[in-house]
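Below, chains carry the letters A, B, ... as their sequence lines are ordered, and counting in each starts from 1.
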There are 2 protein chains.
Amino acid sequence: MLPSSTVENYLKALHQAEASMGNETLVPMGQLANAVGVAPGTATTMVKALAESGLVEYEPYVGVRLSSAGTRLATLVLRRHRLIEQFLVEVMGMSWADVHEDAEQLEHVVSDRLVERMDAMLGHPAVDPHGDPIPTADGALADPDYHSLLTCPLSTPVTVTRVTDQNSSFLRFLEAQELKPGQSIEVENRNSAADSVQVLAGERRVTIGTNAASKVLIEIL
Amino acid sequence: MLPSSTVENYLKALHQAEASMGNETLVPMGQLANAVGVAPGTATTMVKALAESGLVEYEPYVGVRLSSAGTRLATLVLRRHRLIEQFLVEVMGMSWADVHEDAEQLEHVVSDRLVERMDAMLGHPAVDPHGDPIPTADGALADPDYHSLLTCPLSTPVTVTRVTDQNSSFLRFLEAQELKPGQSIEVENRNSAADSVQVLAGERRVTIGTNAASKVLIEIL
DNA sequence: AGCTATATTTTGAATAGTCAAAACAAAACT
DNA sequence: AGTTTTGTTTTGACTATTCAAAATATAGCT
């Protein structure tokens with residue numbers, strides 16, 4: 001029984017949620033419902049079915065967690081999604097700001113043949129255009145914990161490596177400010193009262209809010 | 001209300017059926033059900049819904065026909081399908097024998113943006129890898145009536161231009177016999193008793209059944 | 001402990017698509 | 001005209017997915 005698009009979306013949402021919360025915590029129903037974009041009751045129903053199929057472990061009134069089978073599946077969906085994004089940017093010449101929506105649809109229908117073809121054409125890339133790591137065909141997913149603009153040392157050259165937000169206007173903004181993955185920058189200072197971070201990118205001095213700053217991950221050179 | 005994959009498939013099947021029958025004839029329910037791969041009753045139910053939406057004209061116990069709105073939609077699906085096939089062959093390096101299945105899935109989810117990008121990358125191709133004409137973005141579909149290996153003059157050089165069958169092993173067979181679109185050949189003779197046609201392709205002499213021969217369309221040089 | 005606020009589950013119902021089998025219409029053949 | 005064959009429609013039922021609103025549980029606060 002191969003998983004429907006709907007099931008794949010629940011698994012993917014769960015995978016993201018688990019990653020963004022401290023692991024070992026169950027994902028609460030409300031959060032999952034929210035992430036998938038359905039009413040709470042719908043999530044409950046679906047999760048019970050997923051638990052039946054052995055894709056998740058479910059504790060009523062507490063939350064859900066992916067089983068190992070569920071994790072495997074979620075990871076493969078993530079692989080498809082990210083390879084597609086990389087393909088759309090590198091081969092089709094689309095903007096990194098726009099590819100998420102298309103990938104979201106395509107990830108549920110591309111055949112293995114096609115995915116592996118893309119992977120080969122792209123030279124087996126390690127990350128997608130947003131710097132998100134691409135799982136291997138056997139489900140292995142490297143996921144180092146980076147610093148962000150919020151946590152890295154000040155006045156030290158660092159490289160943007162990953163952006164954990166798919167909002168297209170945010171991505172376009174970063175691009176315009178020379179804050180795309182690969183670009184070298186420096187955090188000049190942070191002002192917790194003003195809830196802001198000041199960055200030196202290229203010749204430019206940019207000030208962004210801390211929430212945005214936390215989405216921009218970096219590596220120290 | 002944008003059409004579901006299911007609706008798109010009914011419209012596409014209807015479009016093909018209309019083309020392969022003399023036009024002005026309604027497509028009988030049974031044939032449609034067969035083409036879509038559902039039980040007869042299911043087709044009846046669906047067709048009544050499509051008629052409600054104004055996509056088809058339906059006469060109980062007689063048959064169905066696409067309305068102009070239905071034709072427009074079917075044509076756009078065909079455009080997506082054929083551009084995708086051409087893309088998979090030209091850009092992704094896949095075999096013309098294999099692309100149909102993938103295109104069948106992708107045609108329902110690719111965005112307009114993506115379709116137009118592919119079209120541009122391919123230089124606005126007129127036909128797909130099987131020689132099927134690609135409708136333009138505004139729904140215009142050129143569809144000249146070709147000769148086939150069954151109807152063309154004997155011992156006259158002709159060019160294979162189109163193959164109206166997606167069966168992957170048939171396509172592989174044609175490829176091996178140098179009978180792909182673009183290749184120059186000659187029909188040597190036909191034997192109606194043996195139900196066969198003898199063709200000179202490249203250096204080779206190939207004999208195929210008349211049913212197969214009718215699927216290979218040609219142009220006289 | 002008792003009450004309130006919040007989150008979760010249940011219930012009842014809806015939509016899209018499907019099937020099998022019974023009922024029926026049209027065509028074809030005596 | 002009467003009967004059989006063939007094709008079509010109807011009926012009743014099922015799966016997957018969803019929602020709104022009622023019922024219930026847990027957690028938080030007094």
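Nucleic acid contact class of Thr42(A) (heavy atoms, under 4.0 Å, all strands): base. Residue-level contact check: Gly30(A) touches the backbone only, with heavy atoms under 4.0 Å from sugar-phosphate atoms and none from bases.
What separates CD of Glu59(A) from P of dA7(C) is a distance of 19 Å, to the nearest Å. Atom-to-atom, CD of Gln31(A) to C1' of dT9(C) comes out at 18 Å; the value is rounded to the nearest Å.
Phosphate proximity of dT9(C) to Tyr58(A): present, with a side-chain N or O under 4.0 Å from OP1 or OP2. For dT10(C), the OP1/OP2 oxygens have a side-chain nitrogen or oxygen of Lys48(A) closer than 4.0 Å.
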Check: residues 27-37 of chain A side-chain donor-acceptor pairs under 3.5 Å, at least two apart:
none

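Proximity note for Ser4(B) (side chain, C-beta onward) versus dT18(D), dG17(C), dT9(D): the nearest is dG17(C). You'll find that the side chain of Tyr61(B) is closest to dA25(C), out of dA25(C), dC19(C), dG17(C). Residue Val38(B) places its side chain closer to dC19(C) than to any other of dT8(C), dC19(C), dT17(D).
One end of the helix from dA1(C)-dT30(D) to dT30(C)-dA1(D) points its axis 20° away from the other end's axis, with each axis taken from 5 pairs and the angle rounded to 10°.
Toward the 5' end of DNA chain D, the nearer of the two residues Tyr10(A) and Pro60(B), judged by each one's closest nucleotide, is Pro60(B).
For the side chain to side chain donor-acceptor pair (under 3.5 Å) condition, the pairs that include at least one residue of residues 125-139 of chain B, sequence neighbours left out, are Glu85(B)-His130(B), His130(B)-Gln166(B), Asp132(B)-Arg162(B), Thr136(B)-Asp138(B).
With respect to Arg80(B) and Glu8(B), a salt bridge is recorded, a charged nitrogen being found less than 4.0 Å from a carboxylate O. Between Arg172(B) and Asp98(B) there is a salt bridge, with a side-chain nitrogen of the basic residue lying less than 4.0 Å from a carboxylate oxygen of the acidic one.
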